[in-house]
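Atom set for the values below is all heavy atoms of this structure, side chains included, hydrogens, waters and symmetry mates excluded. Ligands are counted one by one from 1 in listed order, and the atoms in each one are counted from 1 as well.
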Amino acid sequence: MNFFLPKQVVRAIDALEAAGYAAYAVGGCVRDQVLGIMPHDYDVCTAASPEEMQRVFENQRTIETGLKHGTLTVLMGGMPLEITTFRQDGDYLDGRHPETVRFTRRVEDDLSRRDFTINAMAYSPTRGLCDPFGGREDCAAGIIRCVGVAEKRLEEDALRILRALRFSARLGFPIEEHTARAIHEGKAGLLRISTERISSELNGLLLGGHAGEVLAEYPDVLGTVLPLRLLTGHEVDWPCSLRRIDYAAPDLAIRWAALLLDAGLETAGVLRALKMPVKLTENVSHLVRECRALDRDVPMQEMLMRLGPDQLRQCLLLRQADRVVRQPDQKETIEADTREKLREAEMLIQGNACCTLGQLAVNGRDMAALGLKGKAIGQTLNALLLAVVRSEIPNEKEALMKRAASMQA
Ligand code: ATP
Ligand code: MG
């Protein structure tokens with residue numbers, strides 16, 4: 001197998017080895033290379049203790065944030081690299097965190113605490129691939145399988161349930177039978193996991209190319225982590241919502257909107273309960289609300305006013321997913337129609353079409369000159385903007401002043 005490691009990673013491994021400590025690239029970056037995917041970052045693990053690591057890298061800039069857990073961040077030629085001492089986790093008593101962290105000199109011990117076989121491989125240019133749990137084989141077969149006894153591993157840390165779903169959704173790998181059974185049986189463990197950790201895994205899951213497919217197999221897990229009580233009284237067509245996810249563009253706001261489209265106004269509450277960022281929450285609820293306006297053929301320029309350029313593009317893609325899933329036999333027509341609509345939107349955006357009060361050819365002073373005061377000024381300007389985006393009047397000062405005057409009369 002041909003592994004590529006960036007030179008900064010090789011230099012860090014070489015420095016540790018030169019000081020007598022075994023060192024490997026580990027986890028996601030090894031998995032991705034075995035799968036022929038470009039890794040997005042590299043983690044290193046080593047037999048050196050944190051103090052020993054600090055000595056090896058005393059001439060490098062280091063960040064000590066994770067030192068207690070054995071992690072030192074070393075800036076190698078400007079690239080921040082996380083280097084972690086081989087660890088063996090102690091007993092998990094709370095289903096979230098190990099009681100103790102024990103450092104070890106054996107890489108196999110470190111790999112044995114990792115979640116899935118495909119994530120439990122280490123590689124070093126001199127030592128080669130260390131793969132005690134059959135990670136390479138499971139990569140080749142395309143299987144997500146717990147390291148060790150699945151029930152026990154998922155009980156130790158229930159977040160691994162969502163991690164399994166996330167990797168399955170991203171890689172399109174089914175989850176091995178025992179692990180799958182343990183997921184269904186152990187899902188209640190997720191109730192002990194912090195909302196932030198759950199949300200971050202859910203986001204990763206939703207962005208996967210097979211997210212809907214995976215969630216359709218684990219509706220019980222979805223039911224455990226989504227605050228469904230907020231949706232009582234809503235006719236949510238879950239099978240349809242899940243199919244919508246896989247068709248929708250891999251953009252977090254679009255994917256959440258695809259999942260929660262039937263939840264209507266409750267969408268914001270669901271995302272707030274999951275402690276999602278305010279910006280994402282607002283973005284998703286706008287998309288959910290405005291998607292239906294597109295059904296009503298509201299003029300494109302008015303949609304641009306309501307959503308702004310970025311959200312308008314997202315909304316057109318969301319609606320496309322919604323329509324295709326409802327009428328799969330019309331897929332081609334719907335996609336052609338969406339392309340046409342995106343082009344129309346792009347013309348308006350690039351052409352600087354008026355869609356904000358700031359672009360209107362009149363302003364507050366002009367309204368004051370007509371004798372308008374206070375609130376009436378804003379209200380009139382908004383009404384003028386609406387008339388412009390609906391193409392009732394041109395965005396020209398004379399026409400706008402005339403309309404403003406007539407509105408007063
Ligand atoms: P990604 O490409 O999404 O970053 P990754 O495999 O690097 O995938 P991380 O969450 O960055 O995933 O974790 C790095 C590695 O740490 C994993 O590959 C795995 O070996 C180990 N790991 C992470 N979280 C857990 C966990 N909850 N239980 C056991 N091992 C874990
Ligand atoms: Mg990672």
Quiz prompt | Derivation and outcome, side chain to side chain contact (heavy atoms under 4.5 Å, CB included), residues R11 and M79 | solution = CA-CA 12 Å; R11 267 176 45 213; M79 172 188 185; over 6 Å; no
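- Closer than 4.0 angstrom to ligand 1 lie heavy atoms from G27, G28, R31, H40, R113, R114, D115, N119, D157, R160, R163, R166, F167, R170.
- Checked against side chain to side chain donor-acceptor pair (under 3.5 Å), R113 has the following partners two or more places apart in sequence or in another chain: D110.
- In this structure, CD1 in I349 is found 8.0 Å from CG in D310, a value given to the nearest 0.5 Å.
- By the side chain to side chain contact (heavy atoms under 4.5 Å, CB included) test, A150 pairs with C146, T179, A182, sequence neighbours left out.
- For residues 133-151, the set of pairs meeting the side-chain hydrogen bond (donor to acceptor under 3.5 Å, both in side chains) definition, not counting sequence neighbours, comprises T117-D138, D138-R145.
- Heavy-atom contacts from other residues, nucleotides or ligands closer than 6.0 Å to CZ of R292 number more than 12.
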